[in-house]
Amino acid sequence: MRVRIIYFALLLLFLALLSAIVPQRSKAQGAGGGGGQRGAQPAQQGQGQQGRGGRANTPTFPGPPAGMEALPIDLFKSKNFYQDKALWSDKRYFRCNTPRQITDIWTSGRIGTNPPTSASWGDCNQDYPREKILSPYPYKTAKEHYEAWMAEAKKAGGPTMYTRQTLPEWDGWYSRDGSYSDSQWTWGTINQAPTVLSVLTPEYQKRMVQMNYHEGVSNSPQWNASFCYPEGFMRWWSQASAAGNFQLTMNVSQVQFLSGIAANFLRQVLIGREHVQKVPQWYGETVGFWNGTTLVTWTANVQGWTISHSMFEYSDKLETIETFAPVYNNGALVGLEHEAIFYDPDAFVAPLHLTMRFNRVAALDNPARRYTYIECLSNLRNVNGRPNQLTASDPRFVDYYGRPWAQNWEKYFEVGWDKPAEDLPANVLDILDRLDGKK
Amino acid sequence: MKKAIFTIISSALFITPAMSHHSFAMYDQTKTVTMTGVLTRYVAQANHAEIHFVPLGPDGKPMRDSAGKPITWGVEMAGAAAVAAQGITVATFPAGTVFSVKLNPLRDGSNFGSRTGAIAKCPTGKFPTAGKHCDSVEGNTLLGGDAF
């Protein structure tokens, strides 16, 4: 019996690893296998993923799938993508690559031997339906939506007012439910690029194709974390931000979500209050109310920014309505069902929609879990238009862990001074001497 | 027993993919260089930890510039917490540690790279013979992988 239980536990561990690391790969390979791809090749071997983490490679298709004809001009042949606007709605323009595949096309080795024209094709059958991205609700604005749901709550005798004694106990650590990966269109992993473009206004279509071109063709990815830019509000729904794996703490007047892996996401739902900020904030201002055990939130005052990774930008008119509803199993809270509706009349042609489940994986008093507050430090700078890691020889390099303030004084104000010598640690010098045969 | 099983299941649920914070397009992923060096500083940076080191040349001696000053290289890895789980920490990699690493070098030729695969750590006080690496030294430790 004990052995069976251990096997079961190990199987769970294996499945969790698999779903966490290779969702994109397995999906693409599965679809590719069923699609009768012409010229399909095995996926390339992982390239150095162990050392720095990374993403599983996607299959490489050197030519268009059977029955699919390449366009004379596409993203990878274009001399000026702005002139190709009529082709942006054709998935062949992007060689059926998802936004994420476009982002990774150079680093995954899928750009081919004669870049950029040798860029690989993705799976033309892979997509997530536009109608599932669009909001199913009739509301035109977040305000209208929030007020309608508030009216519903009032009609039922709400909004629910909790005391410290009656407040739902949601505190804990949460993690995204991997089974929802198949619907996370904001990750850029499941859609053809034109499907994403189809929910954007012309200006924001242009901006997204611009990003597609410069990531896929110019090989100039401008990821926020590369330069320690803010993540921005919409990145809460991106895959790599890990923002959906959060620590939740709550009291009667506030529910707080803390998460992040490259930069910190701090979201606070202010219960029973109204928006008062007059300027956009990186993560907006969120108010909310309780309708029974469901938390309803409205975020506004968001700084316009980019979700990056060959996806889209959004404006400072972005607002969201979200709900968090508890999921129980045998009376115990096991997770939160989350729904988000995105309103941005500047960027989106209609309100958009996304759901996710967050599994409660630990209580706050878990002995091992800690939130590591991220201080993003980077020596990446654009060099000739592309991000590059600076080294100490570059005057723009900042030696963050080497007393940079003192290095500045020494460089500009202590030149020629007779002062104590500072060199490598003594034990390092000793080892170097031994290797040199001096000892 | 129950506690052990809970730990295993909990571990499975806590796992998230090790994501990179920036694109690695700046590294030449068609080239993998194997280097052995003497650690001068371990930088436990949250986003991407770094090891700075004086590399050994083909003759097994520290590489130096024309003035005789040791040349330094750097290699970046996953975040400090992630590599700590592999046993690579400030404590296990103090200054003076002799180790070998495979890396994709920067395209611009600067002395920096991105780690690929395992790190081989030489036993204290032992060095590889000229042209070899720590994986050839008896008693070496492999970290972050099963093979070097």
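Letters A, B, ... are given to chains in the order of the sequence lines, protein chains preceding strands, and every chain is numbered from 1. Because the structure is a prediction, the values reported are computed rather than measured.
Only the side chain of B:Val98 has a heavy atom closer than 4.5 Å to any heavy atom of chain A. Heavy atoms of B:Asp108 lying under 4.5 Å from chain A belong exclusively to its side chain. Heavy-atom distances place no part of B:Pro94 under 4.5 Å from chain A, backbone and side chain included. For a residue to count as touching a neighbouring chain, one of its non-hydrogen atoms must lie under 4.5 Å from one of that chain's; by this rule B:Leu56 touches chain A with the side chain only. For chain A, no part of B:Ala81 is nearby; none of its heavy atoms comes within less than 4.5 Å.
The structure places NZ of B:Lys61 at 6.0 Å from CG of A:Asp436, a figure rounded to the nearest 0.5 Å. A distance of 10.5 Å separates CD in B:Gln45 from CD1 in A:Ile374, rounded to the nearest 0.5 Å. Between the CE atom of B:Met26 and the CZ atom of A:Arg381 there is a distance of 11.5 Å, given to the nearest 0.5 Å. Separation of atoms CD (A:Gln389) and CD (B:Glu50) is listed at 6.0 Å; rounding is to 0.5 Å. How far CG of A:Leu390 is from CZ of B:Phe112: 10.0 Å, rounded to the nearest 0.5 Å. Here the CD1-OG1 distance, from A:Ile431 to B:Thr97, works out to 7.5 Å after rounding to the nearest 0.5 Å.
Judged by distance alone, the side chain of A:Asn427 and the main-chain N or O of B:Ala95 form a donor-acceptor pair under 3.5 Å.
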Inset, instruction - Could you please spell out the steps behind the side chain to side chain contact (heavy atoms under 4.5 Å, CB included) verdict for B:Val38 and A:Leu424? - result: CA-CA 11 Å; B:Val38 182; A:Leu424 293 170; over 6 Å; no
Inset, instruction - Starting from the C-alpha separation in whole Å, work towards a yes-or-no answer on side chain to side chain contact (heavy atoms under 4.5 Å, CB included) for A:Leu432 and B:Arg64. - result: CA-CA 10 Å; A:Leu432 297 182; B:Arg64 296 178 184 276; 4.0 Å; yes
Legend entry - From CA spacing to verdict: side chain to side chain contact (heavy atoms under 4.5 Å, CB included), B:Ser23, A:Thr107: CA-CA 8 Å; B:Ser23 168; A:Thr107 53; 3.8 Å; yes
Inset, instruction - Applying side chain to side chain contact (heavy atoms under 4.5 Å, CB included), run through B:Asn47 and A:Leu377 and close with a yes or a no. - result: CA-CA 8 Å; B:Asn47 289 359; A:Leu377 304 172; over 6 Å; no
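Counting heavy-atom pairs closer than 4.5 Å to chain B, the top-ranked of the candidates A:Glu375, A:Arg386, A:Arg434 is A:Arg434. The candidate with the highest count of non-hydrogen atom pairs below 4.5 Å against chain B, out of A:Leu380, A:Asn388, A:Asp394, A:Leu435, is A:Leu435.
By the neighbour-count criterion of 12 heavy atoms within 6.0 Å, atom CG of B:Asp65 is densely surrounded, having more than that number from other residues, nucleotides or ligands.
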Distance-only check: which donor-acceptor pairs under 3.5 Å involve side-chain atoms of residues 126-137 of chain B, not counting sequence neighbours?
residue	atom	partner	partner atom	Å
B:His133	ND1	B:Thr36	OG1	2.6
B:Ser136	OG	B:His133	O	2.6

